[in-house]
Structure formats: C-alpha cells, structure tokens
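Positions are given from 1 along the sequence. Everything numeric in this text was worked out from a predicted model, so none of it was measured.
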Amino acid sequence: MPRSFIFLVALLSVLSYVHGETVVLTPAPEPQTGLKAIIEKWKADELARQGGKFGDHGWWPWGLEAFDYDNDGDLDLIAQHHGAPRSMVLRNELIEKGTLSFVNANAELGLPAQALSGCFRPQVWDIDGDGFLDLAYCDAMPNTVWFNKGGKSFEPMGYGIGQLDHVMPYRDLNGDGIPDAMSHRTKSKYLFDPAARTFKREPYEEPLYERTPEAIAGLLAELKQDPKNRFLKLSYLEHGDLNGDGIEDLVACGFGSYGGASFGRFLLGDKSGNFSDATDALGLPKDGTPVQLSDVNADGRDDVLIVGLGLYVSDPAGRFALKPGPLTEFLKARGPYAHKVYATDLNDDGRTDFAISNARSKTEVVYESLGGGEFREVVRSGGWDADPVVICDIDNDGAEDVCFGGPGETVTLLLNRTAKRGHGVSIRLRMDKPNPFALGAVLEIYKAGELGKPGARPIRRADAPANGLPIHAGLGEAAAFDLRATFPGQTPKTVELKGVEAKPRLTLTPDGKLEEAK
C-alpha cells in the first residue's frame with residue numbers, strides 16, 4: 001500500500017470532518033508537501049545532536065507563522081520551537097514548481113540549525129524598510145534579530161531582544177517614518193536606528209496600559225498580591241460596540257496562566273471618550289476571560305467569546321446570555337493559557353468563522369458560522385502548544401486556508417475546497433519605503449453604500465498585518481463594497497472609496513490607487 005495513502009488515512013483519523021455542509025477543508029497531500037518528512041527529520045537530527053535523549057525543552061514544537069520572505073508571490077512558513085532545536089524557515093515551492101511543496105531553507109539562507117531562538121511566535125516585519133520581511137525572536141541569545149538580505153539570506157543584527165520580552169512590531173514612535181517595536185512586559189519601545197542598523201531601547205507604555213481604568217485598577221492590584229497570579233496578564237479588546245450606539249467600547253481581559261485569576265470587565269464608551277463599567281447592566285459575567293468580540297447574530301452589537309464560559313450573545317433588549325452549542329463547549333475547557341481565536345470568513349458568506357486553539361492543551365477547532373449565533377464544527381485537530389494556527393491563502397487560489405502546527409511531527413495544511421463561496425476580497429495595504437508594508441495603517445470595509453452613514457459599522461476592521469499578508473473580507477452576495485483606509489505619517493492620509501468592485505486580490509496605496517494584485 002502506498003505510503004502517501006497510509007498517511008492520509010492516519011491523518012483523517014485524527015481530523016474530524018463534517019461534509020455536505022458549506023465549508024470544506026481538505027488536507028494537502030503528503031508526501032507532496034514534504035512537511036511531514038521535514039519535521040520528522042528535524043526531530044531525528046535534534047535527537048542525535050542531543051546525544052540520543054531529549055533534555056528539558058529538548059523537543060517542543062510550539063507555533064507556526066506565514067510570510068513571503070523572498071517576495072516571489074507565495075507564502076513561506078516558519079516552524080517555531082520552544083527550546084533547544086530553535087526554528088526553521090520552510091520555503092514554499094508553489095511558484096517555481098507549480099505544486100504546493102516545501103523545503104527546509106535554513107542552510108540556503110545561511111541560518112544554522114540552532115540559529116533561530118524562540119519561546120513564542122517569531123515576529124515578522126520589515127525592520128529596515130527595504131521591502132523584505134525580517135525576523136525577530138524572543139530568547140536569551142546574542143542574535144535574535146535577523147535582517148532579510150533580498151530574500152537570499154538572513155544576517156544577524158547582533159542584537160539580543162532578551163528572554164520573554166514579548167516584543168511586538170508596532171508603529172513609528174519617533175517620527176522618522178520607520179516602524180518601531182514595543183513590549184508591554186518590559187514597558188519599553190525599540191526604536192530602529194537606520195544609521196547604526198540596530199535598536200535603541202527606551203522606556204515606553206501605551207497610554208491605555210499606562211493608565212489602568214478605575215473600574216479594574218483596584219481589582220488588579222488586589223489579585224496581584226496572590227502568588228498564584230504571578231503570570232496574571234491584563235489586555236484589552238478595543239473598537240467593539242456592545243450596545244449598538246455607534247460609540248467604541250472597551251473590554252478589559254485578565255488571565256493568569258497556570259491556574260491564576262480569569263476575569264473580564266465591559267466598559268461602555270461615551271462621546272467624551274470616557275468609559276464606565278457596564279458589566280452587570282449588560283448581563284455579562286465578571287469571571288472568565290474575553291478573547292474575541294464579533295457580531296455573530298448581525299444585530300449591530302458585538303457578541304463575546306469568553307474563555308472558561310462560552311459564547312455570550314446579545315438579545316433584542318441589549319442584554320447578553322450564554323449561547324449553548326459546540327463553540328461554547330470548546331471555550332468552557334480552560335487550559336494553562338487562554339484560548340487564541342483567529343477570525344476569518346472561509347466561505348465568504350459575510351459571516352465570521354473562527355479557528356480556535358486551546359493553547360497548551362494541543363487542540364485546534366474550526367467553526368463555521370451558520371448565522372444567529374449558531375456554529376458547527378468543521379474540523380478538529382491535535383496540534384502544537386501555543387501558537388499553532390495560521391489563516392492564509394497558502395495555495396494561492398483566492399480562498400482562505402487553515403494551517404495547523406501538528407498534530408505531532410508534521411504541519412497540516414487544510415486547503416479550502418468549499419464549492420460555493422460568496423464574493424470575497426483580499427486587500428494589501430502598501431506604502432513607499434521605509435514603511436512598504438504600511439505598518440500602522442488601518443483598513444475598514446463597509447457594505448456598499450454604507451460608508452459615511454450615521455452609525456454605520458464596518459464589516460471588517462483590521463490593522464495592516466506586520467507580516468505583509470492581505471486583509472480578507474467576505475461579502476456574501478454583494479459584488480461591491482466601500483472602504484476607508486488610514487495610512488500613517490506625520491499627517492495621516494485617509495482614503496475613502498465607494499462602490500469598489502469585489503475583485504479577489506487588490507493592493508491599495510495612500511494616493512487612493514486600488515489595483516489588482518498578482
């Protein structure tokens with residue numbers, strides 16, 4: 001029996017599918033992709049290097065990331081490891097060979113097998129503004145930042161970001177037009193100096209994090225006195241609208257890894273920019289960590305996905321109630337880390353679908369929205385530990401695919417083979433150097449004719465991805481849409497376009513030029 005057939009049967013025993021419905025995800029065939037063989041060899045080589053026995057963190061596949069490091073038009077991957085084996089760049093050969101296959105590119109890129117250190121998903125952005133995406137890893141190594149040399153090789157910056165700094169690509173913080181980076185954990189900003197070609201670290205905290213809202217400041221201070229909350233982290237969900245008044249609200253999210261506190265507070269905004277705690281008035285719980293805002297029942301109010309509890313959906317009176325169903329059941333099972341939610345629209349019907357990882361519990365599930373707050377499970381998979389999910393068009397056919405790190409010694413590419421999809425659009429935001437990937441730009445996509453109307457809400461709002469991927473939106477039966485994009489700069493530039501034809505791939509620049517992308 002052919003090996004490829006045996007592997008496919010084994011994979012299908014791990015992944016649970018529901019066919020005959022709308023969304024269909026099919027695993028890319030092995031051995032064509034080469035991913036299983038690459039990861040198995042990675043493990044075997046590392047076992048030999050460690051003397052035949054894995055040490056602490058000796059084999060711990062951790063996460064996955066996608067980016068086009070060589071600008072050839074197809075998406076490459078980074079397989080991330082938490083510990084000794086580090087990580088590898090996986091080059092996609094789709095453009096050059098016409099088939100979806102990958103090779104371990106570390107050697108050809110001048111990256112030693114143990115060069116790419118990592119504790120969390122690597123950060124990808126164009127640090128030096130040359131049009132090629134660079135890499136930054138977080139670990140205790142002398143070289144954790146690597147310049148991309150024209151897609152041909154990577155060169156160490158000679159700068160070590162430091163263990164668990166959680167550095168994120170951000171926006172231009174010193175007015176030189178070059179995107180910088182920041183870290184909530186170290187309360188620092190990392191300013192890129194183009195002359196020295198390295199970072200300068202200075203104290204910094206975002207205003208939202210610097211001035212904790214009064215509604216939770218006391219609670220947070222009290223919880224941090226308990227040793228079990230030593231990993232307690234406060235984050236925010238912004239730009240939501242919980243009561244449908246057209247004013248942005250704010251959700252405070254607290255989660256303590258490894259059994260610490262888990263809480264949420266729901267703050268309604270007013271026209272003066274102030275926020276007041278409306279958790280009880282909205283009927284929302286104070287326990288459990290909110291991880292996603294999305295209007296799943298199309299009533300103009302955002303609904304809430306809450307770790308430890310489930311999906312809370314708004315009713316006509318403006319209060320929220322727990323929505324039974326498979327999505328709620330999955331969210332109930334709390335893990336050592338908070339669930340991670342990846343919103344998408346897999347069939348372009350205009351409803352938001354979700355891929356969700358129960359981090360450190362090694363389970364990923366894709367849910368299709370059926371409307372009205374109802375969801376069905378499309379696929380369930382075992383996976384890696386912390387950042388194992390990527391949503392992207394990995395086979396370059398115009399449909400959003402789902403990529404899982406895992407299960408076990410492989411990377412699984414679930415290709416979107418949905419037969420009937422609505423209209424969809426993927427838009428890349430681009431600028432001139434030194435910020436060609438428009439880091440700091442914001443795109444809002446509206447239903448055609450809605451832009452500028454009082455109270456109109458975008459069907460998709462997203463920051464320009466630092467890794468250069470497009471922003472995707474499903475439009476359902478609509479063949480046109482409106483958009484607003486705000487590009488960064490000393491004087492931000494806003495572009496508004498109405499009645500845009502829904503072509504699959506578009507590129508938008510600050511001069512308002514919207515062109516079909518390759």
Side-chain angles (χ1 to χ4, degrees), residues 65-68 71 75 123-134 136 148 167-182 189-192 194 204 206-208 236-240 248 342-345 391-393 400 424-446 450-452 456-473 475 481-498 500 502-518:
E65 181 60 289
F67 71 133
D68 183 3
N71 288 352
L75 293 177
Q123 299 293 346
V124 176
W125 81 102
D126 186 3
I127 295 169
D128 56 356
D130 67 350
F132 287 87
L133 293 162
D134 307 305
N148 185 340
V167 172
M168 300 180 294
Y170 197 47
R171 54 180 169 82
D172 178 14
L173 290 169
N174 59 356
D176 64 357
I178 303 174
D180 301 302
M182 58 85 64
K189 58 184 176 181
Y190 296 78
L191 305 174
F192 181 69
Y204 177 77
E206 285 184 291
L208 184 60
Y236 297 95
L237 298 176
E238 300 181 77
H239 312 299
E248 289 190 355
Y342 308 81
T344 184
D345 189 345
I391 307 294
C392 65
D393 182 7
E400 294 286 271
V425 60
S426 293
I427 300 177
R428 289 178 170 85
L429 300 180
R430 294 293 186 261
M431 296 174 62
D432 292 333
K433 297 178 181 180
N435 187 13
F437 295 95
L439 189 56
V442 178
L443 176 67
E444 296 173 304
I445 297 175
Y446 292 80
E450 291 291 303
L451 180 62
R457 294 191 64 196
I459 57 175
R460 182 84 163 92
R461 182 194 187 281
D463 298 326
N467 60 6
L469 268 62
I471 298 167
H472 183 84
L475 305 172
F481 63 96
D482 298 343
L483 70 79
R484 175 189 293 124
T486 303
F487 291 89
Q490 293 286 355
T491 302
K493 173 71 174 179
T494 298
V495 174
E496 294 187 349
L497 300 174
K498 297 184 178 182
V500 178
K503 297 180 179 180
R505 298 183 183 92
L506 296 169
T507 298
L508 178 64
T509 53
D511 58 4
K513 185 180 294 184
L514 190 67
E515 297 182 334
E516 285 194 75
K518 294 181 181 179

Looking only at atom types and distance, does a side-chain atom of [X] sit under 3.5 Å from a main-chain N or O of [Y], one as donor and one as acceptor?
X	Y	result
Asn148	Leu133	yes
Glu65	Gln123	no
Asn467	Phe67	no

Atom pair [atom1]/[atom2] of [X] and [Y] - distance to nearest 0.5 Å:
X	Y	atom1	atom2	result
Glu450	Ile445	CD	CD1	14.5 Å
Ile391	Thr344	CD1	OG1	5.5 Å
Arg428	Glu515	CZ	CD	13.5 Å
Leu451	Arg484	CG	CZ	5.0 Å
Phe192	Asp180	CZ	CG	9.5 Å
Asn71	Phe132	CG	CZ	4.5 Å

Beyond-backbone contact of [X] with [Y], side-chain heavy atoms, under 4.5 angstrom:
X	Y	answer
Val442	Arg461	yes
Leu191	Lys189	yes
Val425	Val500	no
Pro194	Ile178	yes
Ile427	Phe481	yes
Asp134	Asp126	yes
Ile459	Leu475	yes

If you compare all heavy atoms of [X] against all heavy atoms of [Y], which two are closest, and at what distance to 0.1 Å?
X	Y	answer
Asp172	Gly177	OD2-N, 2.7 Å
Arg430	Phe437	CZ-CD2, 3.7 Å
Arg457	His239	NH2-O, 4.4 Å
Ser426	Pro470	CB-CB, 3.9 Å
Arg171	Gly440	CB-CA, 4.4 Å
Thr486	Pro492	CG2-CB, 4.3 Å

Checklist entry - Can you name the residues that form a side-chain hydrogen bond (donor to acceptor under 3.5 Å, both in side chains) with Tyr236, not counting sequence neighbours? => result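 Residues passing side-chain hydrogen bond (donor to acceptor under 3.5 Å, both in side chains) with Tyr236: none at all.
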Name the atoms and distances for all side-chain donor-acceptor pairs under 3.5 Å in residues 503-514, with sequence neighbours left out.
unit_1, atom_1, unit_2, atom_2, d
Lys503, NZ, Glu516, OE2, 3.2
Arg505, NH2, Asn396, O, 2.9
Thr509, OG1, Asp511, OD1, 2.5
Thr509, OG1, Lys513, O, 3.4
Asp511, OD1, Lys513, N, 3.0

